[in-house]
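Residue numbering restarts at 1 for every chain, and letters A, B, ... go by the order of the sequence lines.
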Amino acid sequence: MAPLLELVHVKKRFGQVTIAEDVSFAVEQGAAVGIVGPNGAGKTTLFGVVSGDVRPDAGDVVFDGRVVNRLDPAARCRLGIGRTYQVPRPFDKMTVFENVLVAAQQGARARGGVSHAHALRALESTRLSDDANRLAGSLGLLQRKRLELARAIATQPRLLLLDEVAGGLTDLEVRELVDVVRAANAQGIAVIWIEHVVRALLATVDRLLCLAGGEVIGDGLPRDVLASPRVRDVYLGTDATAAESVA
Amino acid sequence: MSWLNAIIQGILTGGFYALFACGLSLLFGVMGIINLAHGDLAVIAGYVAVLLIPETHVPVVWSFVVVVPIFAVGGYILQRTLLQASLDRDPFTTLLVTFGLSVVAENALLEAFSSNGQSLNIGSLIAHSFNPTTSISLSYFSLTVLGVAVVVLGALQLFLSRSGTGRLIRAVADDKEAAQLVGVNYRHIFGIAAAIAFATVALAGIASGMYTEFAPTSGPANLLFAFESVVIGGIGSLWGTLVGGIVLGVAQQIGAQINPAYQVLAGHIVFLAVLAVRPRGLFGLRTSS
């Protein structure tokens, strides 16, 4: 089976700073892939390249066999690429339900009852049903993160790009979010997850990429990647202990 | 009694101002465009009516039926081309572009129609009024305009809060990048918002053209009063815009009652006073976070 997403020799620089130097990898349909790397390694920029926010200097983004370089984020979303922002960006002056309804109607091109069903299911799977009629601007951090996730899920994606959804949450909250992501993955949605909370990643993904200095320096089973000397070099300190805890 | 009449006339004038202002408010609220050509658009609407109405055999009173759709389409096209291109650069470019449009519009109109005043003659309809006492006079035309302003603002409010397209307009106004990320083609939505704004300003321009003379240089005064209405009422609130228009109209009429030379000045003073006391306007929403 052809991969769902393929990055081919992607290169991106901001001035003197190299964000991606010849990055290539592929993600299979329904896969669950984690991405780790030190701050400034270009993880979020890489998501931008995939979702269409960032134009690479060179290289191709191939989604479902189609080169999508020239498509804007809205068009890519309609093809099935859903993305969350690191800092949630809900439509604050709209209700939670309206937020997901917009996503269901525009991202999934659904109408009427179908779009309502999509929206309700997205709220249910993220445990936001009780907050459906609250203004998004009045939500706390956990709920905002859930809404960010719900909105992406409501677009009926085939690939979900998660950017640090677990950051800033308590252990219990993280565990709940992990369940949500695993449930989405179990339904066949491929997930690529950038996360500093390595524990959350390990509970979900079966493949780990490590990005540093604009390069993929590790790719494979999570325990192998975390145990590799190159990755441990980059991660002196806290995350090395996380690596030990699984090794 | 003449003071009461001044207040009543002010309220009626406020209807005009609100009609002028709601398009301005929408363009700013949704796209962040400060449209310095807004007043000129109203004037252009008047001239379009002057040009087209003799050809179409539509009674002058109904000229908006012809002009408003033209403006809606024109607004969509202008947004998708020139205005979007300037938005893609930065907000300051947009300001310069609308300023440039205003200059071009005024000079093109001068070239085409000379500086003589024009008006849309609806005959004796303009003169009919209802006089409950000898000192109070309610012009049916002004009452109609106020009614139209209330209906337009109410319909717009309902459209924004209840319809699917209105929901998309609110979404892109809030965060166009996040909207794009969930599949919204925000450029198209911006176009729709511009179409609505242009349609309302055409309506305002025609109503104003029926009431008073207009000339190629009338635009900036329209713009100024529309601006003051929006700011007094509070940016982002359509009903606020109506109240803002009425407050401005009443202030001007009361000023004129004191001394005819104070009419415009009184409006400016109230505008400044509101800015000083309530910078967000009377109905301005306190932005959360």
Under 3.5 Å donor-acceptor, B:D40 side chain and B:A105 backbone: no
Short side-chain donor-acceptor distance under 3.5 Å, A:T84 and A:D163: no
Ring-face cation contact, A:F91 with A:R151, 6.0 Å cut, 45° max: yes
Heavy-atom donor-acceptor pair, B:D175 side chain to B:A178 backbone, under 3.5 Å: yes
Residue pair A:T126 / A:R146, side-chain donor-acceptor N/O under 3.5 Å: no
Donor-acceptor under 3.5 Å (A:K145 side chain, A:E164 main chain): yes
Segment of B:A173 engaging chain A (4.5 angstrom heavy-atom cut-off): neither
Structural part of A:L79 lying under 4.5 Å from a heavy atom of chain B: neither
Per-residue contact mode, A:P157 against chain B (heavy atom under 4.5 angstrom): neither
Step-by-step salt bridge (charged side-chain N to carboxylate O under 4.0 Å, His left out) determination, A:E98 to B:R170: CA-CA 10 Å; A:E98 284 182 312; B:R170 283 183 291 139; 2.7 Å; yes
Under 4.5 Å from any heavy atom of chain B - which part of A:D53: side chain
Members of residues 106-122 of chain A whose heavy atoms come closer than 4.5 Å to chain B: A:Q106, A:G107
B:R187 versus B:Q79, side-chain donor and acceptor atoms under 3.5 Å: no
